[in-house]
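Since this is a predicted model, take the numbers as computed values, not measurements.
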Amino acid sequence: MNAGTAQMSGGDLTATQLSLSANSACRSAWFAQEGDLIVSPVAIPADLLSFIGATLNFDASSLSTLVPDDARESLILNDCTLLSNAFVERLNSHIRQKSTWRISACYSSEGVARLAELLGIPQSGDEFALQRGPDLLNRKSHFRQLATSVALPLPSGCATTNPNELFRAVTSLRSETGNVIVKLDNGAGGVGNVILTGNESGALPGARDTRTVAWPSFDPQALWSEMITASCKTLVIESYHLARAPFYLEYEIEEDGSIVFINSGSIRLRRSEDRSERALIWTGLELPSDLTNEQWLAAQAHAYRFVELARTLGYRGMINIDGIFASDGRLFFNEANGRWGGGSVLHSIAVRLLGIDYSSRHVISSVRNVPLCSLQAALDRFVRYGFLFDGTRKEGVIPLAVDQEAGTVECLVIARDRSTARDLQHRLLAIDLAPWA
């Protein structure tokens, strides 16, 4: 569970990024199958593991978990931690008990490939990872370079490496739509993005901040100094197009090079109750995406070319591609990531509970920040009000992970149609919880 590493997010993680990384480890425990060993940067609560086993119908007591000593402080499983002598020996003592293993990592880093070699677990794609090849698929500037080579539709834009280039890019690109987006090259999760607009505007999707700018007084040096980090001194500037339908497509490039479409999803956002808030709140994902057939076919045809390129380069593993249909109907792709995506674990759960063809009969969605303080509190409340997932009816709510600091739970909603799913989402996120008490 090596989310949030420098390869994904740079070496200068914010407290928010560290928290997201730690919480993602708990939700990723839902990938586990009987007999697995979970290597996590944080301890996975025993009650969560038991609930996962009970929900997915396997013996959770067969699971082993390992938290490296170094990870407890940083909340990140970096390559240095994975390759420390003490950790490798601890890991070896676990895996000697069985002869056949494979490694499933969030991010196929150089350290993961070297660890596989040390443990005698050969994997296709390791040679590419040993040369840090997957880093090519997790930089916004590299994405533009690779995507251009296979003619993906992209917003107008460029990479910049100093304030003068930033000024020229913003000046040139702002005329197209009146808005530009400035992206830190390796800032995962939108935390590195800032939208600049010449119009009075509320928060716009895709960034941590939307700023109204008087263009003649735009200060590129101030923005440059604010956004770059010690580990990343490249910014990508693009014309900003308002998204009518933000979506992603996820694929897996298997060890033999086969490309398998995994899932698609729509990205759900909402405005904050605080009108001064300069970012939209990400509430979760909805699978499958709500694109029309025509939109889906167009997006799929383009995205598949990019995945074929990644395969040819030597990458093996999960890859997800983000895109939008803009308010004028045009298709644009924003970025790609060679790692687990936000919908990966949701898809995995749905396949195990509903079958591989679940998207023809069900809609599933994640709901973040449900105001409940513990797994048990969530289970009690969902049982009381008939929300808890019912394996016979194949519908209901599953609590995935608890953010104890925030006092919230992330949930998975499974429903037969979008209207039912969205009704459950609304009820979970209702501000007035008095009727639930």
Side-chain angles (χ1 to χ4, degrees), residues 1-11 13 21 28 39 76-83 88 101-152 154 159 161 183-189 192 229 231-234 236 248-262 302-322 333-342 344:
M1 297 177 178
N2 60 338
T5 58
Q7 296 96 331
M8 286 171 55
S9 307
L13 271 65
S21 174
S28 296
V39 181
I76 298 294
L77 283 179
N78 57 39
D79 285 358
C80 183
T81 296
L82 292 177
L83 295 174
V88 172
W101 290 90
R102 69 182 186 89
I103 294 178
S104 177
C106 174
Y107 188 94
S108 182
S109 68
E110 178 189 0
V112 170
R114 294 197 181 283
L115 179 64
E117 188 176 49
L118 288 171
L119 298 174
I121 306 175
Q123 302 186 123
S124 178
D126 278 356
E127 289 300 319
F128 187 62
L130 286 170
Q131 302 305 317
R132 303 183 182 181
D135 293 3
L136 291 171
L137 303 174
N138 290 273
R139 297 285 188 276
K140 295 175 178 65
S141 58
H142 293 161
F143 171 70
R144 291 189 62 85
Q145 294 163 342
L146 296 172
T148 299
S149 75
V150 290
L152 258 66
L154 301 176
T161 56
K183 304 176 178 180
L184 183 65
D185 201 22
N186 62 359
T229 67
S231 63
C232 184
K233 292 181 169 51
T234 299
V236 171
Y248 74 88
L249 301 170
E250 184 166 41
Y251 303 82
E252 182 171 9
I253 305 175
E254 298 186 328
E255 291 208 1
D256 65 359
S258 302
I259 295 174
V260 179
F261 173 72
I262 301 298
H302 285 294
Y304 195 86
R305 294 200 306 276
F306 187 89
V307 180
E308 283 186 312
L309 174 60
R311 174 182 64 183
T312 302
L313 290 172
Y315 177 72
R316 298 293 181 269
M318 306 295 288
I319 182 168
N320 44 89
I321 305 174
D322 293 346
F333 288 95
N334 304 120
E335 67 175 303
N337 292 287
R339 54 176 170 82
W340 298 342
S344 302

Looking at Tyr315 and Ser108, would you say the former's side chain and the latter's main chain have a donor-acceptor pair under 3.5 Å? no
Check: Phe306 ring centre within less than 6.0 Å of Phe143 ring centre: yes
About how many Å separate CG of Leu118 and CG of Leu83, when rounded to the nearest 0.5 Å? 6.5 Å
Between Asn2 (side chain) and Leu77 (backbone), is there a donor-acceptor pair under 3.5 Å? no
Looking only at heavy atoms, what is the nearest atom pair of Ala129 and Ser109, with distance? CB-O, 3.9 Å
CZ/Arg305: more than 12 non-hydrogen atoms of other groups inside 6.0 Å: yes
Heavy atoms of Asp79 and Val112 approach each other most closely as OD1-N, 4.2 Å
On a heavy-atom basis, the closest approach of Leu136 and Phe128 is CD1-CZ, 4.4 Å
Work out which heavy atom in Tyr251 is nearest to a heavy atom in Ala303; give both atom names and the distance. OH-CB, 3.5 Å
For Ser149 and Leu309, work out which heavy atoms get closest and say how close. OG-CD2, 3.5 Å
Heavy-atom neighbours of Glu254 CD exceed 12 at 6.0 Å: yes
Enter the distance from Ile319:CD1 to Glu252:CD here, rounded to the nearest 0.5 Å. 11.5 Å
Carboxylate-amine/guanidinium contact Glu255 Arg316, below 4.0 Å: no
Does any donor atom in the side chain of Asn334 or Tyr248 lie under 3.5 Å from an acceptor atom in the other side chain? no
Quick one: does Thr161's side chain get under 4.5 Å of Lys233's, heavy atoms only? no
Could you check whether any side-chain N or O of Arg311 sits under 3.5 Å from a backbone N or O of Gly257, counting only pairs where one atom can act as donor and the other as acceptor? yes
Let me confirm one number: the CZ-CG distance from Arg139 to Leu184, rounded to the nearest 0.5 Å. 9.5 Å
Can you tell if the side chain of Leu137 reaches within under 4.5 Å of the side chain of Asn337, non-hydrogen atoms only? no
